Chemist: 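Take a look at this one; I'll ask things after.
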Amino acid sequence: MLKELHLSLSLVLVFSCGLLYQLTLRSHCFFACLPLFTSPQGPEGLLRNGRSIVFIETSERVEPPPLVSCAVESAAKIYPEQPIIFFMKWLSNATQLTPNASSPAFSLLSAIDNVFFVPLDMKKLFEDTPLFSWYTKVNSSTEKHWLHVSSDASRLAIIWKYGGIYLDTDVISIRPIPEENFLAAQGSQHSSNGVFGFLPHHPFLWACMENFVEHYSSSIWGNQGPLLMTRMLRVWCRLQDFQELGDLKCLNISFLHPQRFYPIPYPQWRRYYQVWDTEPSFNDSYGLHLWNFMNKEGRTVVRGSNTLVENLYRKHCPKTYKVLIQGVEGTVSREPGAG
């Protein structure tokens with residue numbers, strides 16, 4: 001009897017060792033098998049503190065490209081005490097990450113203590129907002145700019161419901177934003193919707209969602225995005241030109257000078273991918289929008305090129321630079337966002 005028991009235990013041990021060995025052969029399986037959301041508060045709890053930094057991915061893309069990884073890492077580095085919430089469409093209704101989700105970028109971001117991946121469930125998100133009726137009627141398959149339009153809608157609803165700061169996934173954070181209710185100008189009297197922040201249930205965002213539905217025209221690129229923010233700001237405020245580097249104030253909304261996020265305007269976006277004799281300090285900026293939508297040429301960060309963007313990666317998202325640009329792999333341990 002004892003011999004049979006000993007033999008059974010030996011077989012179980014051998015089987016377990018074999019299974020463990022197979023798991024170790026899977027690249028990054030440790031991170032791929034992590035639960036989707038590990039905070040005891042849950043996503044609702046973290047979002048309700050009103051201090052979250054929010055990113056959104058409305059495509060089914062699983063692996064964040066280097067620029068997206070840099071944007072998220074730099075935000076986690078600048079805001080170490082605040083949750084960085086990355087809403088991803090492909091995670092909708094998922095309960096844990098699958099082995100197919102294994103990737104260097106996903107792994108290194110998962111290892112940052114204040115970064116959390118959350119499913120983007122638009123139908124649930126738009127409930128109790130003016131966007132719900134629009135979403136239940138729109139045919140996304142016929143929409144020319146659906147990925148952009150659905151992202152425009154999602155960011156409005158998330159920040160209205162929970163408060164916090166929304167950042168596009170091509171914005172590199174370089175210092176904290178000292179404002180609570182703000183829009184970022186990308187030019188004189190023209191607002192961006194790639195960066196904005198509000199306290200929960202701010203009436204400006206509710207008005208934006210109403211205008212989104214009333215004046216919906218997806219055939220016009222940006223009509224539900226920067227053009228929406230600009231026309232609503234003009235309803236709320238008498239917009240004036242910026243004086244030197246000062247921000248503008250309207251009621252309780254700050255309209256931030258273009259230097260805060262757009263020191264390099266979109267016609268000059270290629271300058272990020274060039275070598276500068278003397279690189280700008282960006283001392284008047286909180287972050288840098290790299291205009292990735294303009295990058296139809298597919299320009300990337302090239303190791304050793306000494307371009308402005310390579311040096312920005314080195315400084316503001318060193319983990320992304322090391323793993324995704326230099327290609328140096330290694331064990332990534334979960335650590336604080338300030339790391």
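Predicted, not measured: the structure shown is a model, and the values here were computed from it.
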Chemist: Are any of the side-chain heavy atoms of Thr136 and Phe126 separated by less than 4.5 Å?
Modeler: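 A side-chain contact is absent here, since even the closest heavy-atom pair is not under 4.5 Å.
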Chemist: Nearest heavy-atom pair of Leu131 and Ala157: which atoms, and what distance?
Modeler: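 Heavy atoms of Leu131 and Ala157 come nearest at CD1-CB, 4.1 Å.
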Chemist: Would a hydrophobic clustering, with Ile, Leu, Val, Met, Phe, Trp and Tyr connected at side-chain separations under 4.5 Å, put Leu228 with Leu239?
Modeler: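 Yes; tracing contacts between hydrophobic side chains, which count when under 4.5 Å, links both residues.
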Chemist: Evaluate the criterion side chain to side chain contact (heavy atoms under 4.5 Å, CB included) for residue pair Thr169 and Phe86; output intermediate values, then yes/no.
Modeler: CA-CA 10 Å; Thr169 53; Phe86 196 165; 4.3 Å; yes
Chemist: Any donor-acceptor pair under 3.5 Å linking the side chain of Asp170 with the backbone of Asn292?
Modeler: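 A pair under 3.5 Å: yes.
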Chemist: So which atom in Asp168 and which in Ala71 form the shortest heavy-atom distance, rounded to 0.1 Å?
Modeler: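 Looking at all heavy atoms of both residues, the closest pair is O-CB, 4.4 Å.
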Chemist: Passes side chain to side chain contact (heavy atoms under 4.5 Å, CB included), Ser285 versus Arg260? Steps please.
Modeler: CA-CA 4 Å; Ser285 301; Arg260 306 296 176 243; 5.8 Å; no
Chemist: If you define the side chain from C-beta out and look only at heavy atoms, does anything of Phe182 sit under 4.5 Å from Asp247?
Modeler: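 SC-SC contact between Phe182 and Asp247 ruled out.
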Chemist: If only atom types and distance count, is the side chain of Arg271 paired as donor or acceptor with the main-chain N or O of Trp276 below 3.5 Å?
Modeler: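 Checking the backbone N and O of Trp276 against the side chain of Arg271, no donor-acceptor pair under 3.5 Å is found.
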Chemist: Are Cys70 and Tyr321 close enough that some pair of their side-chain heavy atoms sits under 4.5 Å apart?
Modeler: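 The answer is no, as the side chains (C-beta and beyond) never meet within the 4.5 Å cut-off.
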Chemist: Looking only at heavy atoms, what is the nearest atom pair of Thr129 and Lys161, with distance?
Modeler: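 What the structure gives for the nearest pair is CG2-CE, 3.9 Å.
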Chemist: Check whether Ser154 reaches the backbone of Ser150 with its side chain - one donor and one acceptor, N or O, closer than 3.5 Å.
Modeler: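 Checked: pair present.
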Chemist: Quick one: does Lys123's side chain get under 4.5 Å of Phe132's, heavy atoms only?
Modeler: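 Of all side-chain heavy-atom pairs linking Phe132 with Lys123, at least one is under 4.5 Å.
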Chemist: Could you list the donor-acceptor pairs under 3.5 angstrom formed between side-chain atoms of residues 194-209 and any protein atom two or more places apart in sequence or on another chain?
Modeler:
unit_1: His202; atom_1: ND1; unit_2: Phe204; atom_2: N; d: 3.0
unit_1: His202; atom_1: NE2; unit_2: Asn252; atom_2: OD1; d: 3.2
unit_1: His202; atom_1: NE2; unit_2: Asn252; atom_2: ND2; d: 3.3
unit_1: Trp206; atom_1: NE1; unit_2: Glu210; atom_2: OE2; d: 3.1

Chemist: By side chain to side chain contact (heavy atoms under 4.5 Å, CB included), which residues pair with Ser74, not counting sequence neighbours?
Modeler: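 Ser74 satisfies side chain to side chain contact (heavy atoms under 4.5 Å, CB included) with Ile172, Ser173, His316 once adjacent residues are dropped.
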Chemist: Enter the distance from Ser254:OG to Leu248:CG here, rounded to the nearest 0.5 Å.
Modeler: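 Ser254 OG to Leu248 CG: 9.0 Å, rounded to 0.5 Å.
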Chemist: Has Asn311 got a side-chain atom pairing as donor or acceptor with Leu308's backbone, closer than 3.5 angstrom?
Modeler: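 A pair under 3.5 Å: no.
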Chemist: Is Tyr273 reachable from Val171 through a run of hydrophobic residues whose side-chain heavy atoms are each under 4.5 Å from the next?
Modeler: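 Yes, one cluster joins them.
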Chemist: Please check this pair: side chain of Gln224 against backbone of Val149, looking for a donor-acceptor N/O pair closer than 3.5 Å.
Modeler: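 Pair absent, no side-chain N/O of Gln224 close to backbone of Val149.
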Chemist: Identify the heavy atoms of Gly187 and Phe242 that sit nearest to each other, and give their distance.
Modeler: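 Looking at all heavy atoms of both residues, the shortest contact is O-CE1, 4.3 Å.
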Chemist: Is the number of heavy atoms from other residues, nucleotides or ligands within 6.0 Å of CD (Gln243) greater than 12?
Modeler: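 Not buried by this count: 12 neighbours or fewer within 6.0 Å.
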Chemist: Return the NZ to NZ distance between Lys319 and Lys77, rounded to the nearest 0.5 Å.
Modeler: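 Between atom NZ of Lys319 and atom NZ of Lys77 there are 8.0 Å.
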Chemist: Can you confirm whether Leu167 sits close enough to Phe55 that some side-chain heavy atom of one is under 4.5 Å from a side-chain heavy atom of the other?
Modeler: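 Result yes, sub-4.5 Å side-chain heavy-atom pair found.
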Chemist: Tell me whether Ser107 contacts the main-chain N or O of Ser103 through its side chain, where contact means a donor paired with an acceptor under 3.5 Å.
Modeler: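 Indeed, once roles are kept as given, a pair shorter than 3.5 Å links the two residues.
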Chemist: Hydrophobic clustering (ILVMFWY, side-chain heavy atoms < 4.5 Å, transitive) - are Tyr266 and Leu227 grouped together?
Modeler: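 No, no single cluster joins them.
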Chemist: According to a hydrophobic-cluster definition based on side-chain heavy atoms being under 4.5 Å apart (Ile, Leu, Val, Met, Phe, Trp, Tyr only), do Val301 and Ile174 belong together?
Modeler: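 Yes, Val301 and Ile174 fall within the same hydrophobic cluster.
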Chemist: Between His289 and Phe261 (judged by ring centroids, cut-off 6.0 Å), do the two rings come close enough to count as a pair?
Modeler: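 Not close enough - the centres of the two rings lie 6.0 Å or further apart.
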Chemist: Is the closest side-chain heavy-atom distance between Asn211 and Arg231 below 4.5 Å?
Modeler: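 In short, these two side chains touch, coming nearer than 4.5 Å.
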Chemist: Please report the shortest heavy-atom distance between Ser218 and His145, naming the atom on each side.
Modeler: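 So the two residues come closest at O-CD2, 3.1 Å.
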Chemist: Checking Gln326 side chain against Arg303 main chain: does a donor-acceptor pair fall under 3.5 Å?
Modeler: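 Between the backbone of Arg303 and the side chain of Gln326 there is no qualifying donor-acceptor contact (under 3.5 Å).
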Chemist: Of Ile84, Thr320, Val115, which meets side-chain contact (heavy atoms from CB on, under 4.5 Å) against Glu73?
Modeler: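 It is Thr320; the other options fail the test.
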Chemist: Taking atom NZ of Lys315 as the centre, report whether more than 12 heavy atoms of other residues, nucleotides or ligands fall under 6.0 Å from it.
Modeler: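 For Lys315, atom NZ is not crowded (no more than 12 foreign heavy atoms under 6.0 Å).
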Chemist: Would Phe255 and Trp236 count as a close aromatic pair, with their ring centres under 6.0 Å?
Modeler: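 Centroid separation for Phe255 and Trp236: 6.0 Å or greater.
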Chemist: Would you say Glu244's side chain and Gly246's backbone share a donor-acceptor pair under 3.5 angstrom?
Modeler: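 No; judged by distance alone, with no hydrogens or angles, the pair does not exist.
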Chemist: Would you indicate whether Glu180, at its atom CD, is surrounded by more than 12 heavy atoms from other residues, nucleotides or ligands within a distance under 6.0 Å?
Modeler: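 Not buried by this count: 12 neighbours or fewer within 6.0 Å.
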Chemist: Could you check whether any side-chain heavy atom of Ser192 comes within less than 4.5 Å of a side-chain heavy atom of Met229, counting everything from C-beta outward?
Modeler: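 A side-chain contact under 4.5 Å is absent here.
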Chemist: If we ignore hydrogens and angles and just use 3.5 Å, is the side chain of Tyr313 paired with the main-chain N or O of Lys322 as donor and acceptor?
Modeler: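 Not a single qualifying donor-acceptor pair exists.
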Chemist: Which pairs count as ring-ring contact (aromatic ring centres under 6.0 Å, His included) when at least one residue sits in residues 64-85, sequence neighbours excluded?
Modeler: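 For residues 64-85: none.
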Chemist: Which pair of heavy atoms, one from Leu324 and one from Pro66, lies closest together, and at what distance?
Modeler: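 Looks like CD1-CA, 3.8 Å.
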Chemist: List the steps and the verdict of side chain to side chain contact (heavy atoms under 4.5 Å, CB included) for Val118 and Met88.
Modeler: CA-CA 6 Å; Val118 175; Met88 301 188 79; over 6 Å; no
Chemist: Given the rule that I, L, V, M, F, W and Y join up when any side-chain heavy atoms are under 4.5 Å apart, are Trp146 and Phe293 in one cluster?
Modeler: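 No, because Trp146 and Phe293 fall into different hydrophobic clusters, even though each may have its own neighbours under 4.5 Å.
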Chemist: Run the side chain to side chain contact (heavy atoms under 4.5 Å, CB included) check on Arg314 and Asn306 step by step: do they pass?
Modeler: CA-CA 10 Å; Arg314 282 191 182 120; Asn306 201 35; 4.3 Å; yes
Chemist: With rounding to the nearest 0.5 Å, note down the distance linking OG1 in Thr58 to CG in Asp152.
Modeler: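 So the gap between those two atoms works out to 9.0 Å.
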Chemist: When rounded to the nearest 0.5 angstrom, what is the spacing between CD1 in Ile85 and OH in Tyr162?
Modeler: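 Answer rounded to 0.5 Å: 10.5 Å.
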Chemist: Has Glu127 got more than 12 heavy atoms of other residues, nucleotides or ligands less than 6.0 Å from its CD?
Modeler: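 For Glu127, atom CD is crowded (more than 12 foreign heavy atoms under 6.0 Å).
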Chemist: If you define the side chain from C-beta out and look only at heavy atoms, does anything of Arg299 sit under 4.5 Å from Val309?
Modeler: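 They are not in side-chain contact.
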Chemist: For the atom pair NE2 (His215) and CG (Asn223), what is the distance rounded to the nearest 0.5 Å?
Modeler: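 The CG atom of Asn223 is 9.0 Å from NE2 of His215, to the nearest 0.5 Å.
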Chemist: Mind running side chain to side chain donor-acceptor pair (under 3.5 Å) on Tyr166 and Arg155 for me, showing each step along the way?
Modeler: CA-CA 7 Å; Tyr166 168 80; Arg155 66 190 71 175; 3.1 Å; yes
Chemist: Verify, without hydrogens or angle tests, whether Ser69 (side chain) and Pro64 (backbone) share a donor-acceptor contact under 3.5 angstrom.
Modeler: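 No; judged by distance alone, with no hydrogens or angles, the pair does not exist.
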Chemist: About how many Å separate CD1 of Ile165 and CD1 of Ile53, when rounded to the nearest 0.5 Å?
Modeler: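 One finds 4.0 Å between CD1 of Ile53 and CD1 of Ile165.
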Chemist: From the options Leu67, Ile264, Asn295, select the one residue that forms a side-chain contact (heavy atoms from CB on, under 4.5 Å) with Leu290.
Modeler: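 The side-chain contact (heavy atoms from CB on, under 4.5 Å) with Leu290 is passed solely by Leu67 among Leu67, Ile264, Asn295.
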Chemist: Please check if atom CD in Glu81 has more than 12 non-hydrogen atoms from other residues, nucleotides or ligands closer than 6.0 Å.
Modeler: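 Counting other residues, nucleotides and ligands, CD of Glu81 stays at 12 neighbours or fewer.
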